[in-house]
Amino acid sequence: MAIVQGERVNFSYDEEGPRVLHDVSFTIDRGKWIAIVGHNGSGKSTLAKLMIGLYLPTEGSLKMFGEDYTEQNVWNIRERIGVVFQNPDNQFVGTTVQDDVAFSLENRGVPYEEMRERVMEVLRQVSMEQFLDAEPHHLSGGQKQRVAIAGAIALHPELLILDEATSMLDPQGREDVMRTVTELKETTDVTVISITHDLEEVLLADEVLVMNEGKLLFQTTPEEMFRHGKKLEEIGLDLPFTLRLANLLEREEINVAHELTEEKLVEQLWTLYFNK
């Protein structure tokens, strides 16, 4: 079942302004991890804003859970979506980690005992249960984002949207957040959409939507996407380290398959060395 479906989506921020999205059509199936990639200004974050109902398409159709956004259903649809933004500090409202995660549950009228159980459940899921009474603003970047993810999944959303959620983090923080999302996908049936310009993150996704200048270039698997390496570089995306290394090795007449993970590339080089 399609959880998100776009049909020739067009969008402008004002009537006289230029189109930011041009005839974008795509389908996101339930239970998948989808990465939406593109350079700054490609339209990927605008697409996320349409998905959470901040704007409506100028033309075309964007269905969420089989429905178009209307004034009547906008809040019902949003209740099924969790969102984690670029800067976690902008999402914190509680004075402690547990207060912050509990905030949305209190707003929904979740009974106190159930709320306590859910707060502990989601903090365990993101490995932050030992920081219950910590002040969110005193945490590291990666820890803040894990708390933001806990707050987003506390209401058991069907769809989790990560809008450039790792772009402000150091490599360790980015790795921690991606590990958290991977473990979440393995233990729940949540659908994940990650908006990013970091192609390293794409390796974790089931499918990729590649955006450029407001248009969808292609929707495909990570493996197939990286076969278009030159095209990706042309639109301003940096190739993952493993793919750049494989390209350099080819120039030295060391022929390796364009493996997507460091482990597979090392294994292939090791095999080639011992087969000499």
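Quick caveat, the model's predicted, so the values are computed rather than measured. Numbering of residues begins at 1 and proceeds along the displayed sequence.
In this structure, the side chain of Lys185 engages the main chain of Gly31 through a donor-acceptor pair within 3.5 Å. Checking side-chain atoms of Glu224 against main-chain N and O of Thr221 turns up no donor-acceptor pair under 3.5 Å. Asn73 places a side-chain N or O within 3.5 Å of a backbone atom of Thr70 that can act as its donor or acceptor partner. Judged by distance alone, with hydrogens and angles left aside, the side-chain atoms of Lys44 form a donor-acceptor pair with the main-chain N or O of Gly38 at under 3.5 Å. Proximity of a side-chain donor or acceptor of Thr58 to a complementary backbone N or O of Ser12 within less than 3.5 Å is detected. Within the 3.5 Å criterion, the main-chain N or O of Glu129 finds no donor-acceptor partner in the side chain of Arg124. When atom types are taken as modelled, the side chain of Arg146 and the backbone of Met128 share no donor-acceptor pair closer than 3.5 angstrom.
Here the side chains of Arg80 and Pro157 are not in contact, with every heavy-atom distance at 4.5 Å or above. Side-chain contact between Val190 and Ile153 is absent, with no heavy-atom pair separated by less than 4.5 Å. In this structure, the side chains of Val202 and Met225 come closer than 4.5 Å at one or more pairs of heavy atoms. For the pair Glu201 and Val37, the minimum side-chain heavy-atom distance is 4.5 Å or more. Between Glu67 and Gln72 the shortest side-chain heavy-atom distance does not fall below 4.5 Å. Looking at Val101 and Val147, their side chains come closer than 4.5 Å, going by heavy atoms from C-beta outward. Between Met168 and Gln145 the shortest side-chain heavy-atom distance does not fall below 4.5 Å. Taking 4.5 Å as the limit, some side-chain heavy atom of Phe26 sits within range of a side-chain heavy atom of Leu47.
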Given side chain to side chain contact (heavy atoms under 4.5 Å, CB included), test Asp189 with Arg30 step by step and report yes or no.
-> CA-CA 8 Å; Asp189 60 356; Arg30 186 178 295 276; 6.0 Å; no

Apply side chain to side chain contact (heavy atoms under 4.5 Å, CB included) to the pair Glu59 and Arg19, showing each step before the final yes or no.
-> CA-CA 10 Å; Glu59 296 176 18; Arg19 285 188 178 181; 2.8 Å; yes

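With sequence neighbours left out, the salt bridge (charged side-chain N to carboxylate O under 4.0 Å, His left out) criterion links Arg8 to Asp23. By the salt bridge (charged side-chain N to carboxylate O under 4.0 Å, His left out) test, Asp89 pairs with Lys144, sequence neighbours left out. Residues passing the salt bridge (charged side-chain N to carboxylate O under 4.0 Å, His left out) test with Glu114 are Arg118, sequence neighbours excluded. Lys63 meets the salt bridge (charged side-chain N to carboxylate O under 4.0 Å, His left out) test with Asp68; sequence neighbours excluded.
Both Val84 and Val177 are assigned to one and the same hydrophobic cluster, defined by single-linkage of ILVMFWY side chains at heavy-atom distances under 4.5 Å. Following chains of ILVMFWY side-chain contacts shorter than 4.5 Å, one cannot reach Leu237 starting from Met211, and the two form parts of different hydrophobic clusters. Hydrophobic clustering, with ILVMFWY side chains joined whenever heavy atoms are under 4.5 angstrom apart, keeps Phe218 apart from Ile193. In the hydrophobic clustering of this structure, Val83 groups with Leu209; members are Ile, Leu, Val, Met, Phe, Trp, Tyr whose side-chain heavy atoms approach within less than 4.5 Å, directly or through other members. Leu217 and Val9 fall into different hydrophobic clusters, where Ile, Leu, Val, Met, Phe, Trp and Tyr residues are linked whenever their side-chain heavy atoms come under 4.5 Å apart, directly or through other members.
Expressed to the nearest 0.5 Å, how far CD of Glu158 lies from CE of Met64 amounts to 10.0 Å. In this structure, CG in Asp170 is found 7.5 Å from OG in Ser140, a value given to the nearest 0.5 Å. Atom CG of residue Leu232 and atom NE2 of residue His39 lie 11.5 Å apart, to the nearest 0.5 angstrom. Within the model, atoms CD1 of Ile3 and CD1 of Ile28 stand 8.5 Å from one another, a figure rounded to the nearest 0.5 Å. Leu155 contributes atom CG, which lies 8.0 Å from atom CD of Glu79 (distance to the nearest 0.5 angstrom). The NZ atom of Lys231 sits 6.5 Å away from atom CG of Asn212, with the distance rounded to the nearest 0.5 Å.
Considering all non-hydrogen atoms of both residues, Asp163 and Ser45 come closest at OD1-OG, 3.2 Å. When all heavy atoms are compared, the tightest approach of Ile34 to Ala205 is C-CB, 4.4 Å. Of all heavy-atom pairs spanning Glu207 and Thr27, the tightest one is OE1-O, 4.5 Å. Counting all heavy atoms, side chain and backbone alike, Ala165 lies closest to Leu162 at CB-CB, 3.9 Å. The nearest pair of heavy atoms linking Pro136 to Thr95 is CD-O, 3.6 Å. Heavy atoms only, all atoms of each residue included: Ala150 and Leu123 are closest at CB-CD2, 4.0 Å.
The 12-atom threshold is exceeded at CG of Asn90, counting heavy atoms of other residues, nucleotides or ligands nearer than 6.0 Å. More than 12 heavy atoms of other shown residues, nucleotides or ligands fall within 6.0 angstrom of atom CG in Asp14. Other residues, nucleotides and ligands contribute at most 12 non-hydrogen atoms within 6.0 Å of the CZ atom of Arg116.
Residue pairs meeting the salt bridge (Lys or Arg N to Asp or Glu O under 4.0 Å) criterion with at least one member in residues 47-56: none, sequence neighbours excluded. Within the structure, every pair that satisfies the ring pair (Phe, Tyr, Trp, His ring centres under 6.0 Å) test and touches residues 64-123, not counting sequence neighbours, is listed here: Phe92-His137.
By the 4.0 Å N-to-carboxylate-O rule, Glu183 lies too far from Arg179 to be salt-bridged with it.
The aromatic rings of Phe11 and Tyr55 lie tilted to each other, with the angle between the two planes from 30° to 60°.
Each of Leu50, Leu216, Leu62 was evaluated against Leu21; a single residue qualifies, Leu50, per the side chain to side chain contact (heavy atoms under 4.5 Å, CB included) test. Here the options are Leu160, Thr191, Val181, the test is side chain to side chain contact (heavy atoms under 4.5 Å, CB included), and the partner is Trp33; only Val181 passes.
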